[in-house]
Protein chains: 2
Amino acid sequence: MSENNSEKFQPAFCPIRHVLDRFGDKWSILVVELLSHKGRMRFSEIANNIGDISQKMLTVTLRSLEADGLISREFFPEIPPRVEYELTALGKSLIPPINNLLHWGQEHLETILNNRKRYEEKDQEKAKGKKAYS
Amino acid sequence: MSENNSEKFQPAFCPIRHVLDRFGDKWSILVVELLSHKGRMRFSEIANNIGDISQKMLTVTLRSLEADGLISREFFPEIPPRVEYELTALGKSLIPPINNLLHWGQEHLETILNNRKRYEEKDQEKAKGKKAYS
DNA sequence: CTGGATCCATGGGGATACTG
DNA sequence: CAGTATCCCCATGGATCCAG
């Protein structure tokens with residue numbers, strides 16, 4: 001009985017965990033979103049558009065997205081070399097759900113920031129109250 | 001001109017970054033998802049359902065979700081004490097976009113895992129090829 | 001230009017002990 | 001039971017140098 005209560009959130013069973021592990025990093029979703037707007041892009045283009053990503057993290061992110069089949073990588077053996085990235089069909093299928101989430105974020109961002117601010121103020125009051133006692 | 005190219009992904013300008021910062025951690029989305037299924041839950045209930053979250057991280061996660069106004073926290077001064085968490089209206093509004101993303105994940109998880117596997121194999125072949133040369 | 005390889009600092013997050 | 005406080009480790013990710 002007690003076994004049946006803990007059904008589907010235990011790490012082993014649930015695919016949700018895989019998804020969250022996949023997009024839990026700061027950059028993956030951002031890169032996908034970026035590529036969805038600009039289409040085909042070069043390495044340095046992506047780096048410049050994001051601004052504050054190190055080239056190491058960009059490389060790692062692109063590799064893992066490529067490994068999952070979300071983006072394609074085309075290498076041009078020119079001098080200087082050129083590499084272009086693009087969303088695959090699978091990658092494109094990810095755009096709608098991502099946009100939903102981002103849209104929700106834009107819609108509620110102000111509310112959330114206000115909530116956060118109020119919460120911090122309440123926290124400081126409590127801290128004051130404690131200090132007044134001692 | 002060159003300024004106009006880098007429009008909206010720079011950290012300062014874009015609300016997307018706030019969203020990603022908010023949900024970039026491993027646990028927030030999982031807790032929201034869990035609460036959306038079970039409704040009102042106690043601290044230890046959440047911990048048990050997730051399984052492999054430390055009580056520290058659960059506390060931190062719950063606090064930040066509460067700070068953003070996504071969940072409500074009710075404390076019962078009994079002995080032993082009891083605390084119950086629940087999604088707020090704002091928190092509930094987050095369920096559909098999250099479910100979309102998770103649904104996408106479930107649908108494509110197998111494909112992704114296969115892609116990843118094939119990618120690793122290709123990687124190993126390349127490594128072998130290199131060694132054969134030297 | 002596009003990375004790979006390495007070194008290294010930071011902080012996220014676990015383990016443990018303690019409190020109300 | 002539901003945290004808080006502390007210590008501490010290790011992965012994440014930045015900086016730098018090197019290669020094709």
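A note on names: the letters A, B, ... follow the listed sequences, proteins ahead of strands, and every chain is numbered from 1. Just so it is clear, the model here is predicted, and its values are computed rather than measured.
Checked for salt-bridge contact, B:K26 and A:D25 miss the test: no charged N lies under 4.0 Å from a carboxylate O. Using a 4.0 Å cut-off between charged side-chain N and carboxylate O, B:E86 and B:R73 make no salt bridge.
Regarding contacts with the backbone of C:dT2, a side-chain N or O of A:S44 is found under 4.0 angstrom from either OP1 or OP2. Dashed line: the shortest gap from a side-chain N or O of B:R73 to OP1 or OP2 of D:dA2 is not under 4.0 Å. A close approach under 4.0 Å does occur between a side-chain nitrogen or oxygen of B:R42 and OP1 or OP2 of D:dA2. Put simply, B:R82 has no side-chain N or O that comes within less than 4.0 Å of OP1 or OP2 on D:dA2.
Summarising the geometry, the separation between CG on A:L62 and C1' on C:dC1 is reported as 14 Å, rounded to the nearest angstrom. The nearest whole Å value for the distance from the CD1 atom in B:I50 to the C1' atom in D:dA2 is 15 Å. Rounded to whole Å, atom P of D:dA19 lies 16 Å from atom CD1 of A:I79. Rounding to whole angstrom units, CD of residue A:E74 and C1' of C:dC1 are separated by 16 Å. Atom CG in B:L58 sits about 8 Å away from atom P in D:dG3, given to the nearest Å. Taking atom CD on A:E45 and atom C1' on C:dT2, their separation rounds to 14 Å, with Å as the unit.
Under a 3.5 Å cut-off, the side chain of B:E66 and the backbone N or O of B:R63 do not form any donor-acceptor pair. A side-chain donor-acceptor contact under 3.5 Å links A:N115 to the backbone of B:D68. Side-chain atoms of B:T88 come within 3.5 Å of backbone N or O of B:G69 as a donor-acceptor pair.
A side-chain donor-acceptor contact under 3.5 Å links A:R22 and A:S64. Residues A:T111 and A:N114 have side chains that never bring a donor and an acceptor to within less than 3.5 angstrom of each other.
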Protein N or O to nucleotides 6-13 of chain C N or O, pairs below 3.5 Å:
unit_1 : atom_1 : unit_2 : atom_2 : d
C:dG13 : N7     : B:K56  : NZ     : 3.0

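Between B:F43 and A:Q55, the residue anchored closer to the 5' end of DNA chain D is B:F43, taking for each the nucleotide with the nearest heavy atom. Of the two residues near DNA chain D, B:E84 and A:P81, the one whose nearest nucleotide lies more 5' is B:E84.
The residue A:F76 sits apart from the nucleic acid: no heavy atom pair falls under 4.0 Å.
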